[in-house]
Number of protein chains: 2
Amino acid sequence: MEPKRTTVRDLRRHNRSTLLSKLFFDGPLSRHELSQLTGLSAATVSNVTAELVEDRLIVEAGLVESDGGRPRVLLRVDPKYAHVVGIDVGETGVKVELFDLAMTRLAAVDHQLNSVEPDPAEVVARTADGLREVIEAAGVTESSVLGVGIGVPGTVEKGTRTLVHAQTIGWDAVPLPTMLRDQGIRLPLFLDNGAKTQGQAEMWFGAGRGARHAVIVLVGSGVGAAVITDGQTYAGYSSSAGEWGHTTIVYGGRQCRCGARGCLEAYAGAEGILDRYRKARGGRGVVDTDEQAALAALIAAADTSKTAARVLDETAGYVGAGIANLINLFNPERIVMGGWAGLALGEQWLEAVKRSTADHALRHPYEQTSIEMCKLGPDAVAVGAATLPVAALLDAGGDPRESPRSVA
Amino acid sequence: MEPKRTTVRDLRRHNRSTLLSKLFFDGPLSRHELSQLTGLSAATVSNVTAELVEDRLIVEAGLVESDGGRPRVLLRVDPKYAHVVGIDVGETGVKVELFDLAMTRLAAVDHQLNSVEPDPAEVVARTADGLREVIEAAGVTESSVLGVGIGVPGTVEKGTRTLVHAQTIGWDAVPLPTMLRDQGIRLPLFLDNGAKTQGQAEMWFGAGRGARHAVIVLVGSGVGAAVITDGQTYAGYSSSAGEWGHTTIVYGGRQCRCGARGCLEAYAGAEGILDRYRKARGGRGVVDTDEQAALAALIAAADTSKTAARVLDETAGYVGAGIANLINLFNPERIVMGGWAGLALGEQWLEAVKRSTADHALRHPYEQTSIEMCKLGPDAVAVGAATLPVAALLDAGGDPRESPRSVA
DNA sequence: CGACTAAGTTAGCGCCATAATTTAACATCG
DNA sequence: CGATGTTAAATTATGGCGCTAACTTAGTCG
């Protein structure tokens with residue numbers, strides 16, 4: 001409805017972006033291969049790569065002899081061109097990790113949070129500390145850091161000020177970037193929901209590689225999803241799309257902590273599973289303050305206890321129906337299952353989940369979809385956050401910090 | 001992951017498309033206004049519009065005097081440049097309508113189908129007949145028809161051959177375009193799901209105008225939805241996205257005609273509503289072979305019968321929960337409710353639907369969404385189908401039939 | 001009737017991608 | 001062991017495109 005904007009030398013930017021992305025994802029390539037893979041003419045590839053080499057974004061990486069003929073010179077993104085930081089702001093702690101452009105981890109720190117409901121000020125302080133610590137530990141200069149990606153629990157609203165809303169931990173309109181600026185952080189910041197950054201990591205380096213339409217499903221204490229449509233993380237109108245955990249799956253059913261009834265999370269989230277088990281045993285459940293240990297105990301008990309096995313079978317049923325809803329609505333080519341509870345369940349119940357999905361999804365879209373386990377685990381939130389500044393670099397086809405080409 | 005393709009004079013095409021779309025949607029505009037609205041320079045606007053005028057796509061449409069200064073010349077898309085046909089292939093009949101480029105209906109025919117489960121061959125024959133009839137009735141030449149949009153029940157798979165799958169009426173991989181070609185139809189064909197074309201109509205001319213993220217929800221005999229993300233109808237990996245009617249809303253609940261249990265359609269589809277009413281009265285329901293009449297009777301009965309009122313209240317509850325799922329997953333800025341049953345319910349139960357939606361959706365995305373009734377009604381399927389060739393024209397920035405500019 | 005104002009057009013410039021051509025670096029063969 | 005062929009990469013020539021800036025056109029107003 002509003003097809004605005006012009007197009008002039010964005011063309012050059014677009015081609016820089018295309019070539020840079022190809023090199024980043026598909027390793028070292030010769031100019032000739034680049035030309036074939038992108039459809040750009042050899043001349044343009046030469047031209048643009050020369051520019052990228054001059055900008056130090058890419059470097060030559062050895063030659064490959066051909067069967068008679070000039071050997072091709074391989075090009076790749078220079079891992080040392082810049083660094084990126086990924087931060088996982090969780091409910092219990094703040095993880096800060098520093099990577100080079102090849103996404104090799106150079107330093108990492110992990111700060112536990114004292115309070116149960118994390119205070120924004122404490123999170124900001126630990127984040128700023130961690131940022132300084134990893135930069136020092138890795139022995140890099142601050143100016144070499146391209147940007148800082150931050151995965152947060154809750155939704156990120158991008159307006160005049162970027163605000164974080166996290167209903168479950170009581171954050172309402174927390175201006176995290178502004179608060180970090182006040183702590184003296186001057187680096188470019190990229191915020192997104194933690195589930196979305198984890199999904200991004202899985203798409204770039206994990207089970208999602210190669211798919212253009214995928215949903216990364218995360219089952220943990222909470223239940224969430226990252227939806228990728230046409231290669232892009234789907235955000236919706238106000239960046240709160242993909243709230244899979246709070247879709248109604250049992251109308252009028254169990255109370256969820258979000259206030260509604262019958263949410264998927266109330267059945268398939270760790271708390272919901274454990275509570276259903278407790279109820280099934282007439283009040284006596286697995287006793288453990290740590291949800292992860294409790295769920296592990298429940299899974300172990302399934303070998304001998306019929307009740308435990310039934311509760312977990314039912315869980316697979318709910319998860320499968322939830323996945324079927326995603327398939328019916330988004331029609332993805334791949335579903336990737338992750339999250340700590342998802343991983344724990346996946347080992348034995350993946351087939352049951354698939355059966356339930358098949359029972360609840362329409363035949364045609366179901367047959368187009370593969371369901372797989374994730375490859376990266378919950379640590380991927382920080383990696384995924386770190387991909388945000390890299391994605392900005394790739395999209396802009398060059399360093400977004402130096403707006404137009406300063407070195408003419 | 002695969003950022004391919006090149007960009008050369010697609011730039012010109014892009015700008016032609018931008019200007020043409022602006023003129024199409026936002027009525028007559030002067031060159032100056034176009035320049036401001038699109039961000040293109042005045043020179044480029046002059047240049048491109050001159051080309052469009054030469055191609056007879058746009059024409060001058062009077063002047064507007066300004067307060068001192070040269071009066072602006074208004075430009076608009078020439079309605080007579082070409083015609084388009086929209087076809088609504090329904091379960092009971094085939095509607096064929098012919099429009100000019102301003103989407104004014106010039107002719108229409110409606111062929112009833114004899115069989116209950118429509119035979120593809122019969123549909124194709126009636127479609128081909130209708131097409132010839134409207135062209136004759138409108139007194140236009142076949143060569144002036146830009147293309148034919150067809151809305152079909154079921155999903156459209158676009159591969160080497162375009163195939164139609166409609167589980168409910170027993171169509172499995174019906175090659176509709178090929179069959180129409182065999183009937184002597186040579187015009188460009190555009191197929192899509194009927195719900196999606198109706199959604200498109202609502203987005204262009206109805207309650208969806210101006211929204212970039214919206215879901216058009218259709219409640220009738222079946223239950224479906226058209227999802228618009230970022231201004232585009234969302235299709236997914238194999239064009240079967242948006243199957244809202246078969247998402248699970250009551251795990252383990254009522255049997256649905258798709259074979260699964262607890263689908264939204266089994267509760268909120270007309271058949272589901274009537275059957276629930278029948279059950280609530282111990283077997284005695286509204287007796288009528290015509291679903292529309294039966295539902296109207298049920299709605300009328302709600303004034304006096306507590307049972308009828310309760311069944312319809314519950315229906316609003318289910319629909320609301322289903323809409324909440326759409327809001328949580330897609331985070332649209334607008335929900336538009338349509339379909340014949342949706343329209344019938346909407347008059348009295350819209351508030352109840354909204355309450356249920358509020359109860360089941362997360363607060364933040366719910367507050368960003370407005371829920372409205374559709375403006376066009378079920379007749380819009382054909383109009384929406386007719387927009388498909390128009391959309392192709394606008395996207396290409398000119399007549400796609402004459403591939404590159406033949407008149408140099 | 002000439003100054004003023006706004007719309008629209010023309011001229012010149014720089015940028016960019018393609019195609020054709022040239023240079024470079026090998027392998028193989030007679 | 002140099003001539004020849006082959007493939008990769010760089011260079012040059014060419015044409016298209018949109019932008020800026022100057023200019024023309026067409027009205028109104030004093």
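These values consider heavy atoms only, across backbone and side chains, with no hydrogens, waters or symmetry-generated copies. Below, chains carry the letters A, B, ... as their sequence lines are ordered, and counting in each starts from 1. No experiment lies behind these values; they were computed from the predicted model shown.
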Spacing of B:Leu34 atom CG relative to D:dG18 atom C1', expressed in whole Å: 16 Å
A:Asn331 side chain to B:Ser238 backbone, donor-acceptor under 3.5 Å: yes
Spacing between B:Arg72 atom CZ and C:dT5 atom P, to the nearest angstrom: 16 Å
Atom-pair distance (CG on B:Leu29; P on C:dG8), nearest Å: 11 Å
Qualifying residues under salt bridge (charged side-chain N to carboxylate O under 4.0 Å, His left out), relative to B:Arg56, sequence neighbours excluded: none
Any donor-acceptor pair under 3.5 Å from A:Glu202 side chain to A:Ala207 backbone: yes
Integer-rounded Å distance: D:dT7 P and A:Glu33 CD: 15 Å
Expected output: side-chain B:Thr18 to main-chain B:His14 donor-acceptor under 3.5 Å: yes
Closest listed nucleotide, where the reference is the side chain of B:Arg31 and the choices are D:dA9, D:dA26, C:dT9: C:dT9
Short side-chain to backbone donor-acceptor contact, B:Thr104 and B:Asp100, under 3.5 Å: no
Distance below 4.0 Å between A:Arg12 side-chain N/O and C:dA17 OP1 or OP2: yes
Sugar-phosphate only, base, or nothing, as touched by B:Val73 at under 4.0 Å among non-hydrogen atoms: sugar-phosphate
N/O (side chain, A:Asn15) to phosphate O (OP1/OP2, C:dA17) under 4.0 Å: yes
Where do N or O atoms of nucleotides 20-25 of chain D meet protein N or O atoms at under 3.5 Å, pair by pair?
| unit_1 | atom_1 | unit_2 | atom_2 | d |
| --- | --- | --- | --- | --- |
| D:dT25 | O2 | B:Arg70 | NH1 | 3.2 |

A:Asn47 CG - C:dA20 C1' separation (whole Å): 16 Å
Gap between atoms CG and P, on A:Leu52 and D:dA10 respectively (whole Å): 13 Å
Single hit among B:Val59, B:Leu23, B:Val45 for side-chain contact (heavy atoms from CB on, under 4.5 Å) with B:Leu75: B:Leu23
A:His32 side chain, from C-beta outward: closest of C:dC16, D:dA8, C:dG8: D:dA8
Gap between atoms CG and P, on B:Leu40 and C:dT9 respectively (whole Å): 15 Å
Value in whole Å for how far the P atom of D:dG16 lies from CZ of B:Arg16: 15 Å
Aromatic ring pairing A:Phe330/B:Tyr234, orientation class (parallel under 30°, perpendicular over 60°, tilted between): perpendicular
